[in-house]
Amino acid sequence: MAMVEKSGSAIGYVARNLLLCLFVVTTILFALSCYFVLRSTAHNRFLSSTFPSKSFVDVKGVKREKENCRCVKDEKSVTAGPLKVYMYNMDPEFHFGLLDWKPDGKNSVWPDIQKYIPPYPGGLNLQHSIEYWLTLDLLASEYENAPRAVAAKRVYNSSEADVIFVPFFSSLSYNRFSKVNPHQKTSRNKDLQGKLVTFLTGQEEWKRSGGRDHVVLAHHPNSMLDARNKLFPSMFILSDFGRYPPTVANVEKDVIAPYKHVIKAYENDTSGFDSRPILLYFQGAIYRKDGGFVRQELFYLLQDEKDVHFSFGSVRNGGINKASQGMHNSKFCLNIAGDTPSSNRLFDAIASHCVPVIISDDIELPFEDVIDYSEFSVFVRTSDALKENFLVNLIRGISKEEWTRMWNRLKEVEKYYEFHFPSKVDDAVQMIWQAIARKVPGVKMRIHKSRRYSGSVSDTGKESSWSSLIPRSFW
């Protein structure tokens with residue numbers, strides 16, 4: 001019996017060892033297989049991109065140098081030089097024709113700006129005139145030996161461009177032609193938007209990218225009301241997102257541009273804390289709808305403060321000159337949400353070197369990815385501003401030294417919000433182009449993603465293009 005027990009235990013011991021060895025061998029083989037699989041995929045993904053060949057050879061032995069060059073072009077930084085912009089040669093009715101300019105000949109689309117520049121209407125029209133300045137800047141970029149640095153350069157081959165520029169003066173169209181005349185069924189502004197959508201969606205450039213690389217100007221909050229939902233894949237240039245759903249416009253794909261200030265800039269400003277007698281200044285429309293209710297509430301809270309100017313004002317009866325004088329004599333200027341989160345008062349304040357007090361919870365600010373507004377502005381939540389004595393106590397608590405620091409910073413940043421023609425280095429025109437350029441990598445990524453399944457084979461065996469998979473409402 002003892003011998004049998006010993007024999008059984010010996011067999012069990014051997015069996016356990018064999019199982020252990022088998023487990024170890026299996027584990028090693030599994031680890032090795034994983035290693036070789038990962039190594040092979042890593043080679044395809046990384047090695048060839050780290051050491052790219054000058055040309056590729058396909059299965060037929062045909063060199064594909066062109067494709068290699070295209071990939072390098074796609075990956076290079078957009079900051080290597082001026083933004084390359086292809087601009088549609090659209091009918092003048094979309095741009096300078098809205099300024100009553102008429103072409104000299106049948107083939108003339110643009111005015112010869114070396115001889116004559118159609119003037120833009122003044123007053124409040126100027127607030128949303130960015131379309132005018134950007135278009136002029138592109139036209140001027142064509143001239144050789146221009147005595148300035150350019151942020152954007154017009155190109156004539158759309159495949160070489162970083163973005164496609166749509167020269168529709170949409171804000172001007174809204175301001176001047178949004179009313180329906182007695183003999184019209186629809187306004188000229190609405191008709192132009194319909195023509196614009198038809199034109200753009202018929203272009204090969206639009207079809208190639210689904211419109212993602214198109215730059216569409218809609219700075220006035222009410223401009224492009226009819227076309228915006230049809231052109232949403234494009235990059236909008238806006239004043240804010242107040243009247244846009246996030247599926248149509250958002251901070252990821254679109255650009256917020258500054259208003260053009262309408263008050264007189266404070267040149268050679270030698271004022272200081274003690275020479276500006278008004279503590280807090282606001283002049284404008286007090287009773288507004290939507291988020292602008294806060295203006296009315298603040299008026300009731302601040303109207304009896306002796307060193308606070310809070311009154312109704314408009315451009316009539318010298319209103320712009322009065323506002324200029326008031327802001328130039330004020331330490332702080334209120335920028336309160338109106339019908340939409342933004343208003344031109346912020347940029348009037350900057351031009352006046354009057355420290356902005358921003359009360360607009362949903363505001364998006366121009367160039368905020370490169371400019372820190374907290375260095376020259378005071379931000380106050382709406383809920384706090386409406387507490388009794390909160391706002392005035394907060395402003396009174398800012399020291400002379402702190403105010404002077406922000407005042408000096410205002411004088412440094414004001415150039416970023418000035419519109420010039422010809423444009424100047426880092427002025428508002430060039431800053432907008434630079435903001436567009438910073439969006440280009442994201443635009444390219446979205447275009448590349450849209451091509452993932454282009455040319456895929458459907459269940460029926462027919463090749464399908466990406467555009468056929470997009471609902472008709474997209475266009």
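All heavy atoms count here, side chains included; hydrogens, waters and symmetry mates do not. Quantities reported herein were computed from a predicted structural model and do not represent experimental measurements.
- Between the side chains of Ser423 and Asp427, no donor-acceptor pair of N or O atoms lies under 3.5 Å.
- Enclosure of atom CD in Glu252 is not indicated, since only 12 or fewer non-hydrogen atoms of other residues, nucleotides or ligands lie within 6.0 angstrom.
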When you look at Thr135 and His95, which way does the side-chain contact (heavy atoms from CB on, under 4.5 Å) test go after all the steps? CA-CA 9 Å; Thr135 303; His95 43 84; 5.5 Å; no
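- Residue Ala385 comes nearest to Phe390 through the heavy atom pair N-CD2, 4.3 Å, listed as atom of the first residue, atom of the second, then distance.
- Crowding of Lys424 atom NZ: a count of heavy atoms from other residues, nucleotides or ligands under 6.0 Å not exceeding 12.
- Inter-residue side-chain proximity for Leu138 and Trp433 is flagged as met; some heavy-atom pair is nearer than 4.5 Å.
- Taking the side chain as every heavy atom from C-beta outward, Glu368 and Ile256 never approach each other to under 4.5 Å.
- For Arg381, the CZ atom is loosely surrounded, since the number of other residues' heavy atoms within 6.0 Å does not exceed 12.
- Using a 30° and 60° split on the angle between ring planes, Tyr132 and Tyr120 fall in the tilted class, from 30° to 60°.
- Put simply, the side chain of Thr186 never gets that close to the backbone of Asp191: no donor and acceptor are under 3.5 Å apart.
- A donor-acceptor distance shorter than 3.5 angstrom exists from the side chain of Arg212 to the backbone of Ser209, with no hydrogens or angles considered.
- Between the side chains of Asp426 and Gln434, at least one donor N or O sits under 3.5 Å from an acceptor N or O.
- Side chain to side chain, Ser374 and Asp372 meet the donor-acceptor criterion of an N or O pair below 3.5 Å.
- The aromatic rings of Phe310 and Phe299 lie tilted to each other, with the angle between the two planes from 30° to 60°.
- Contact annotation: the side chain of Leu231 approaches that of Val197 to within less than 4.5 Å [non-hydrogen atoms, C-beta and beyond].
- At least one test fails for Arg228 against the ring of Phe236: distance under 6.0 Å to the centre or angle within 45° of the axis.
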Apply side-chain contact (heavy atoms from CB on, under 4.5 Å) to residues Leu83 and Val440 and explain how you reach the verdict. CA-CA 9 Å; Leu83 182 73; Val440 168; 3.9 Å; yes
Hey, mind stepping through Arg243 and Thr340 against side-chain contact (heavy atoms from CB on, under 4.5 Å) and telling me if it holds? CA-CA 7 Å; Arg243 292 181 177 165; Thr340 63; 3.6 Å; yes
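- Judged by distance alone, the side chains of Tyr373 and Glu375 never bring a donor and an acceptor atom under 3.5 Å apart.
- Judged as a disulfide (SG to SG under 2.5 Å), not a single pair has a partner in residues 157-267 (not counting sequence neighbours).
- The closest side-chain donor-acceptor pair between Arg208 and Ser158 falls under 3.5 angstrom.
- For Asp384 (side chain) and Val380 (main-chain N/O), no donor-acceptor pair under 3.5 Å exists by modelled atom type.
- For the atom pair CG (Asn329) and CD1 (Ile278), the distance works out to 5.5 Å, reported to the nearest 0.5 Å.
- With respect to Glu412 and Arg409, a salt bridge is recorded, a charged nitrogen being found less than 4.0 Å from a carboxylate O.
- Formation of a donor-acceptor pair under 3.5 Å by the Ser275 side chain with backbone atoms of Ser271 is not found in this model.
- Taking the six-membered ring where the residue is Trp, Trp403 and Phe332 present perpendicular rings, their angle passing 60° and hence far from 30°.
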Please step through side-chain hydrogen bond (donor to acceptor under 3.5 Å, both in side chains) for the pair Asn335 and Ser343, ending with a clear verdict. CA-CA 7 Å; Asn335 179 68; Ser343 83; 2.9 Å; yes
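- The two residues Pro121 and Leu99 make their nearest non-hydrogen contact at CD-CD2, 3.5 Å.
- A salt bridge (Lys or Arg N to Asp or Glu O under 4.0 Å) with Asp162 is found for one member of Lys153, Lys439, Lys84 and no other, namely Lys84.
- Put simply, the residue from Tyr156, Phe165, Trp110, Phe199 that forms a ring-ring contact (aromatic ring centres under 6.0 Å, His included) with Tyr88 is Phe199.
- Asp369 has a carboxylate O that lies under 4.0 Å from a charged side-chain N of Arg438, or vice versa, which qualifies the two as a salt bridge.
- In this structure, Leu139 CG and Leu134 CG are separated by 11.0 Å, a value rounded to the nearest 0.5 Å.
- No donor-acceptor distance shorter than 3.5 angstrom exists from the side chain of Ser129 to the backbone of Asn125, with no hydrogens or angles considered.
- Not a single donor-acceptor pair under 3.5 Å links the side chain of Lys230 to the backbone N or O of Thr201.
- Checking Asp240 against Ser342 by side-chain atom types alone, a donor-acceptor pair falls below 3.5 Å.
- Side-chain contact check for Thr247 versus Phe232: every heavy-atom pair is 4.5 Å or farther apart.
- Looking only at side-chain heavy atoms (C-beta outward), Leu238 and Phe241 come within less than 4.5 Å of each other.
- The minimum heavy-atom distance linking Asn189 with Ser170 is given by the pair OD1-O, 4.4 Å.
- Side-chain contact between Leu217 and Val166 is absent, with no heavy atoms from C-beta onward closer than 4.5 Å.
- Side chains of His261 and Asp348: a donor-acceptor N/O pair is absent below 3.5 angstrom, by distance only.
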Start with the C-alpha gap between Glu418 and Lys415, add the side-chain angles, then the distance that decides, and say whether salt bridge (Lys or Arg N to Asp or Glu O under 4.0 Å) holds. CA-CA 5 Å; Glu418 294 289 342; Lys415 65 178 182 179; over 6 Å; no
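- No donor-acceptor distance shorter than 3.5 angstrom exists from the side chain of Lys179 to the backbone of Ser187, with no hydrogens or angles considered.
- Between Arg276 and Ser330, the side chains place no donor N or O within less than 3.5 Å of an acceptor N or O (distance only, hydrogens not considered).
- The backbone N or O of Leu280 lies less than 3.5 Å from no partner atom in the side chain of His309, so there is not a single donor-acceptor pair.
- We find that Arg154 and Asp137 are not joined by a salt bridge, their nearest charged nitrogen and carboxylate oxygen being 4.0 Å or further apart.
- Around atom NZ of Lys264, no more than 12 heavy atoms belonging to other residues, nucleotides or ligands sit under 6.0 Å away.
- Between His128 and Tyr259, the distance separating the two ring centers is shorter than 6.0 angstrom.
- Under the 4.0 Å criterion applied to side-chain N and carboxylate O atoms, Lys195 and Glu93 are assigned as salt-bridge partners.
- Taking the side chain as every heavy atom from C-beta outward, Met235 and His214 never approach each other to under 4.5 Å.
- In this model, a donor atom of one side chain and an acceptor atom of the other lie less than 3.5 Å apart for Asn222 and Tyr174.
- Residues Pro366 and Ala257 share a closest heavy-atom pair of CG-C, 3.8 Å.
- The pair Arg446-Asp213 fails the salt-bridge criterion, with no side-chain N (NZ, NE, NH1 or NH2) lying under 4.0 Å from an Asp/Glu carboxylate O.
- In this structure, the side chains of Leu334 and Leu391 come closer than 4.5 Å at one or more pairs of heavy atoms.
- Between the side chain of Glu305 and the backbone N or O of Leu302, no donor-acceptor pair lies under 3.5 Å.
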Step by step, work out the side-chain contact (heavy atoms from CB on, under 4.5 Å) result for His220 and Ser239. CA-CA 7 Å; His220 193 292; Ser239 57; over 6 Å; no
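- Gln296 places no side-chain N or O within 3.5 Å of a backbone atom of Ile286 that could act as its donor or acceptor partner.
- Donor-acceptor pairing under 3.5 Å is recorded for the side chains of Glu414 and His353.
- The cationic group of Lys260 does not satisfy the cation-pi geometry with Phe347, failing either the under 6.0 Å distance to the six-membered ring centre or the 45° limit from the ring axis.
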